[in-house]
There are 2 protein chains.
Amino acid sequence: MKFSTRSTYGLKAMIHLAQNWQKGSIPLSAIANNENISLGYLERIFAVLKKAKLVKSEKGASGGYALSRSPEDIDVYSIINTLEGEASSFHCVEKGDKVYCGKKCECSVEPALLKVARAISAALKDIKLSDLIG
Amino acid sequence: MKFSTRSTYGLKAMIHLAQNWQKGSIPLSAIANNENISLGYLERIFAVLKKAKLVKSEKGASGGYALSRSPEDIDVYSIINTLEGEASSFHCVEKGDKVYCGKKCECSVEPALLKVARAISAALKDIKLSDLIG
DNA sequence: TTATCTCCTACTAAATTAGTCGGTATTTTG
DNA sequence: CAAAATACCGACTAATTTAGTAGGAGATAA
């Protein structure tokens, strides 16, 4: 529930892109400077965002990144989920290794945790990038 | 947004206590066995929960822990927040009247992150332990 | 008096985080 | 064409956090 700087940086950068949605590609160096984020780290964050098709890129001078869809069509859940792995998921104890609730897990209180996780997911899905600009 | 096992264990244990709310004190060993959680780890988790006055304890044989208030009066936010530190917090977000970043940062998108954080907090505050039992 | 309990501190192995560094490939621009 | 700017890629690392263990001390009920 504490967000990592990865999520924070990623979300901030996505908001930055949303604010400049009409301007075409924005180089990461601009975002890194503006938001005071390490460029190298931001690059790796964007590799993940691109893989999830949340952003598209253009190489070369005057290249950069842009949102792959309009800000109304990207919700915060997708971003956090992409950067943090299974967003709003609890661990469930099972012998051996960890299993996420929602997969095969027989703990008695699991439905309760699932309820909580779903409430968070719903709250995040309800917030679009377009709600966070202006 | 991924919950640590600390939060997961803590929340599961709190739900366990809520389910047995009328039965008086429950020893941690019972919870640890039932939910397959390491006892020593659970003890430390409960030290935190107790400090936050979410549970009360009784020492000695036939002692144990119980919720400090009725399940209707304890929300999930309090639990997660207690165990995870500032729940639903981003880096570079206000806490009180200070801005947190680690570095000094003049982040422009901060209000947006705050909006997201508040949505999550609200969702969690809305869920009481009593909603998670039965 | 003995078995359960809470409570406390210290240690640790493993994982994750938050980077850095150095280099390659691609594209625009002077 | 050459240089600069950009995405892209992998390896390394230091610090922190996580998820425990271990070994007790003190309280209480049976």
Side-chain angles (χ1 to χ4, degrees), chain A residues 1-13 17 24-33 35-52 54-66 68 80 83-86 90-98, chain B residues 1-13 17 23-33 35-52 54-66 68 80 83-86 89-92 101-103 105:
Chain A
M1 282 306 309
K2 240 183 196 165
F3 292 94
S4 57
T5 59
R6 169 153 63 230
S7 294
T8 306
Y9 293 169
L11 185 49
K12 286 178 74 170
L17 290 184
S25 292
I26 308 257
L28 284 192
S29 54
I31 301 178
N33 281 330
E35 312 285 355
N36 199 27
I37 301 171
S38 139
L39 175 60
Y41 195 32
L42 198 56
E43 282 177 342
R44 286 204 325 226
I45 291 172
F46 267 75
V48 180
L49 291 171
K50 192 190 174 182
K51 206 174 164 193
L54 291 170
V55 297
K56 58 191 174 187
S57 65
E58 275 178 307
K59 283 188 175 182
S62 87
Y65 286 92
S68 62
I80 302 285
L83 295 176
E84 207 112 349
E86 282 292 298
F90 290 93
H91 294 269
C92 264
V93 214
E94 241 184 327
K95 292 201 176 168
D97 34 14
K98 300 167 191 165
Chain B
M1 280 306 309
K2 237 181 197 168
F3 293 94
S4 57
T5 60
R6 170 154 59 230
S7 295
T8 306
Y9 293 170
L11 185 49
K12 286 178 76 171
L17 290 185
K23 292 185 193 165
S25 293
I26 308 257
L28 285 191
S29 55
I31 301 178
N33 281 331
E35 312 285 355
N36 200 24
I37 301 172
S38 139
L39 175 59
Y41 195 31
L42 198 56
E43 283 178 343
R44 285 202 324 222
I45 291 172
F46 267 75
V48 179
L49 290 172
K50 192 190 175 185
K51 204 173 163 192
L54 291 170
V55 296
K56 58 189 174 186
S57 65
E58 275 178 307
K59 284 188 175 181
S62 88
Y65 286 91
S68 63
I80 302 285
L83 294 176
E84 206 112 348
E86 279 295 296
S89 68
F90 290 93
H91 296 254
C92 244
C101 199
K103 313 158 193 175
C105 94

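Here is how names work: the chains are called A, B, and so on, in the same order as the sequence lines, proteins then strands, and each is numbered from 1.
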Requested in this report: For the side chain of B:T5, starting at C-beta, report the closest nucleotide among D:dG20, C:dC7, C:dT17.
Outcome: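 Minimum distance to the B:T5 side chain belongs to D:dG20.
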
Closest heavy-atom contact between [X] and [Y]?
X     : Y     : value
A:G24 : A:A66 : O-CB, 4.1 Å
A:A13 : A:I31 : CB-CG2, 3.9 Å
B:S25 : B:G63 : CB-C, 3.9 Å

side-chain N/O [X] vs [N] OP1/OP2, d < 4.0 Å:
X     : N      : answer
B:S25 : C:dC5  : no
B:S57 : C:dC7  : yes
B:Y9  : D:dA19 : no

Output side-chain donor-acceptor pairs under 3.5 Å for residues 41-51 of chain A, partner residues at least two apart or in another chain, one line each.
residue, atom, partner, partner atom, Å
A:K50, NZ, A:S57, OG, 3.0

Figure out the [atom1]/[atom2] separation between [X] and [N], and round it to whole Å.
X     : N      : atom1 : atom2 : answer
B:K50 : D:dA27 : NZ    : C1'   : 12 Å
B:I37 : D:dT21 : CD1   : P     : 12 Å
A:L42 : D:dC8  : CG    : P     : 12 Å
B:F46 : C:dT6  : CZ    : C1'   : 12 Å
B:F3  : D:dT18 : CZ    : P     : 14 Å
A:L83 : C:dA18 : CG    : P     : 11 Å

Nearest 0.5 Å, please: how far is [atom2] in [Y] from [atom1] in [X]?
X     : Y     : atom1 : atom2 : answer
A:K56 : A:L17 : NZ    : CG    : 11.0 Å
A:L83 : A:I80 : CG    : CD1   : 7.0 Å
B:L11 : B:F3  : CG    : CZ    : 8.0 Å
B:E35 : B:N33 : CD    : CG    : 10.5 Å

Using a cut-off of under 3.5 Å, enumerate the N/O to N/O pairs linking the protein to nucleotides 20-24 of chain C.
residue, atom, partner, partner atom, Å
C:dT20, OP2, A:S38, OG, 2.7
C:dT20, O4, A:R44, NH1, 3.0

Polar atoms only, N or O, under 3.5 Å: list the protein pairs with nucleotides 1-6 of chain D and their distances.
residue, atom, partner, partner atom, Å
D:dA5, N3, A:A61, N, 3.4

Requested in this report: Would you mind reporting whether A:Y65 and A:I26 have side-chain heavy atoms less than 4.5 Å apart?
Outcome: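 They are not in contact (no side-chain heavy atoms under 4.5 Å apart), so the answer is no.
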
